Novice: 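Got a structure for you, written out below as structure tokens; questions coming shortly.
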Amino acid sequence: MNKDLENKIDEILTRGVNEVIKKDHLKERLLSGEKLRIKFGIDPTSPYLHLGRAIALLKLKDLQELGHKIVIIIGDFTGVIGDSSDKESERPILEKKTVEKNLKTYKDQIGKILDVDKVKFHRNSEWLKNLDYEEISKQADIFSLAEFIARDNIKKRLKDDSRISLRELLYPLMQGYDSVAVEADLEIGGTDQRFNLLSGREMQRTYKQKPQDILMVNLIEGTDGRKMSSSWGNTVNLLDEPNEMLGKIMSMGDELIIKYFIHCTRISMDEIRKMEDGMKDEKINPRDAKIKLAEEIVKIYHGQEEARKAKEYFISTFSERKIPDNVAPFPSPAPEISIIDYMISAGLAESKSDARRKIEQGGVSIDGEKITDPNKILDDSFSGKVVKVGKKDFVKIVF
RNA sequence: GGGUGGAUGGCAGAGUGGCCUAAUGCACCUGACUGUAAAUCAGGCGUCUUCGGACUUCGGCGGUUCAAAUCCGUCUCCACCCA
């Protein structure tokens, strides 16, 4: 057995990984040359996948490169049920329509990381909608109520007297049965999915299959340091534009840099350790590490060239406070217009009050000159000049 | 089926007749600092304004009152408990 392969597998089993269930067993199988079926499930709750999801997707990519079969299950059926494991409150039940809409964009997003031609996609409604009560009863008998409510977030909700619907009890059964349906050898998921992942093993046993192994990846903090979650608006989405993506990463606290390197890029661990030590000894400026991180991540989703451009844009606009080269023009709707009305029509302010506030607080400038008069009138002599609002909003005036 | 407690600004959550555009925290916006940040600090955070103010908001509708987020009626929705 060659050493390279073993090293690679060791990294797969440890980098960004919280726990592997039956680690030795899994390692052995990965080394054996056997082609495994690797399951990964996504609920179409939001049209955007974020960097938190990408941790698992990168892991899948590593495995795909070793020749294993990736099976992605779009939870169109479970999506309308609502998973309780990563939520502090009951998840709203999704409309079928919303699910369909979200699902469409997934392939594109996943394709930024995986070779989707080699991925097998399923929707779990394929098999779940055909189960009858007899079958569901059999499955439901596998778990006890005590097991279900022993979970931390369920316990917390019970304690807070918040509502837990019976429907939510069904969720782990479904996800577990997905493993049976696709005959998974390995399932990858976040640590918040522990119970659901384990349920796959139980379910497979019941259906006389060999229980899958489980690889749980860490969850990652969002740009504001809290857990990354679509409902908190602190995500970096795979479909974010290069400048936006890079900007979001740059706005994170420094303490997340190394964690992101490990989880969201494939820079070698050696190099990451060197950077970590460098920052500790103050030989490396965290800003430089962070911009490298941001560029690396953008590169994965938009390619080298776009990543380089985004980085240059960032340095010139934010570090050097220059007006960027390609400011989007916005034509004035009238031959003469007050600065306030122009800001509103160009989307630089939400209301007249908002625009006025921004001016009064010194946040608005034209070609670098601060505007102090909220009643300033713009006419065609301003054509070609650039309005700046706050740190990052620019619009070129056109008449 | 019965009972109890609820619904307040983007979220959480005070307020139970006038001092309520409504405390506080989070989120957000602007400025300062900086490494771009984070942290910190200052200001802001309904709309309109001739900058004096004016108007609108506390689940919906209706009422009492000089005055209602607050009292009454009714409707809708939610949670918990008992059976």
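Sequence lines set the chain letters: A, B, ... in the order given, protein chains first and strands last, and positions in each chain run from 1. Treat the numbers as computed from the prediction; the structure is a model and nothing was measured.
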Novice: Take atom C1' in B:G46 and the same atom in B:G63, then report the distance between them in whole Å.
Specialist: 27 Å

Novice: So what's B:C45 paired with, Watson-Crick or G-U wobble, going by both distances under 3.5 Å?
Specialist: none

Novice: Of the nucleotides B:C33, B:A38, B:U50, which has the atom closest to the A:Lys391 side chain?
Specialist: B:C33

Novice: Looking only at atom types and distance, does a side-chain atom of A:Lys69 sit under 3.5 Å from a main-chain N or O of A:Arg37, one as donor and one as acceptor?
Specialist: no

Novice: Quick check for you: among B:G44, B:G35, B:U49, whose closest atom lies nearest to any side-chain atom of A:Gln361?
Specialist: B:G44

Novice: Quickly work out the A:Asn375 CG to B:C48 P distance and round it to whole Å.
Specialist: 14 Å

Novice: If we take the P atom in both B:G73 and B:U64, what is their distance in whole Å?
Specialist: 15 Å

Novice: Any side-chain N or O of A:Ser251 less than 4.0 Å from the OP1 or OP2 oxygen of B:A37?
Specialist: no

Novice: Does the structure show a Watson-Crick or G-U wobble partner for B:C33, both distances under 3.5 Å? Name it, or say none.
Specialist: none

Novice: If I pick the P atom on B:U21 and the same atom on B:A68, what distance separates them, to the nearest angstrom?
Specialist: 11 Å

Novice: Rounded to whole Å, how long is the line connecting atom NZ of A:Lys388 with atom C1' of B:C29?
Specialist: 15 Å

Novice: Rounded to whole angstrom, note down the C1' distance from B:C66 over to B:C61.
Specialist: 24 Å

Novice: Taking salt bridge (charged side-chain N to carboxylate O under 4.0 Å, His left out) as the test, write out the residues that go with A:Arg308, two or more places apart.
Specialist: A:Glu305, A:Glu312

Novice: Considering just the side-chain nitrogens and oxygens of A:Arg357, establish if one lies under 4.0 Å of OP1 or OP2 belonging to B:C48.
Specialist: no

Novice: Considering only atom C1', compute the distance from B:G9 to B:G53 and round it to an integer number of Å.
Specialist: 23 Å

Novice: If I take atom CG in residue A:Leu256 and atom C1' in nucleotide B:A39, what distance separates them, rounded to the nearest angstrom?
Specialist: 14 Å

Novice: For A:Ser351 and B:C48, is the shortest distance between a side-chain N/O and OP1 or OP2 below 4.0 Å?
Specialist: yes

Novice: Rounded to whole angstrom units, what separation is found between the NZ atom of A:Lys392 and the P atom of B:C28?
Specialist: 10 Å

Novice: When the distance from NZ of A:Lys352 to P of B:U47 is rounded to whole Å, what number comes out?
Specialist: 12 Å

Novice: Please check the phosphate of B:C45 (OP1 and OP2 only) for any side-chain N or O of A:Lys358 closer than 4.0 Å.
Specialist: no

Novice: May I ask you to check whether over 12 heavy atoms, not counting those of A:Gln304, lie within 6.0 Å of atom CD?
Specialist: no

Novice: Does NZ or CZ of A:Lys107 fall inside the cone over A:Phe121's six-membered ring, less than 6.0 Å from its centre and within 45° of the axis?
Specialist: yes

Novice: Here's a test for you: under side-chain contact (heavy atoms from CB on, under 4.5 Å), which of A:Gln209, A:Lys208, A:Glu202, A:Met203 qualifies with A:Arg205?
Specialist: A:Glu202

Novice: Under 4.0 angstrom, heavy atoms only, what part of the nucleic acid is A:Ser319 near: base, sugar-phosphate, or nothing?
Specialist: sugar-phosphate

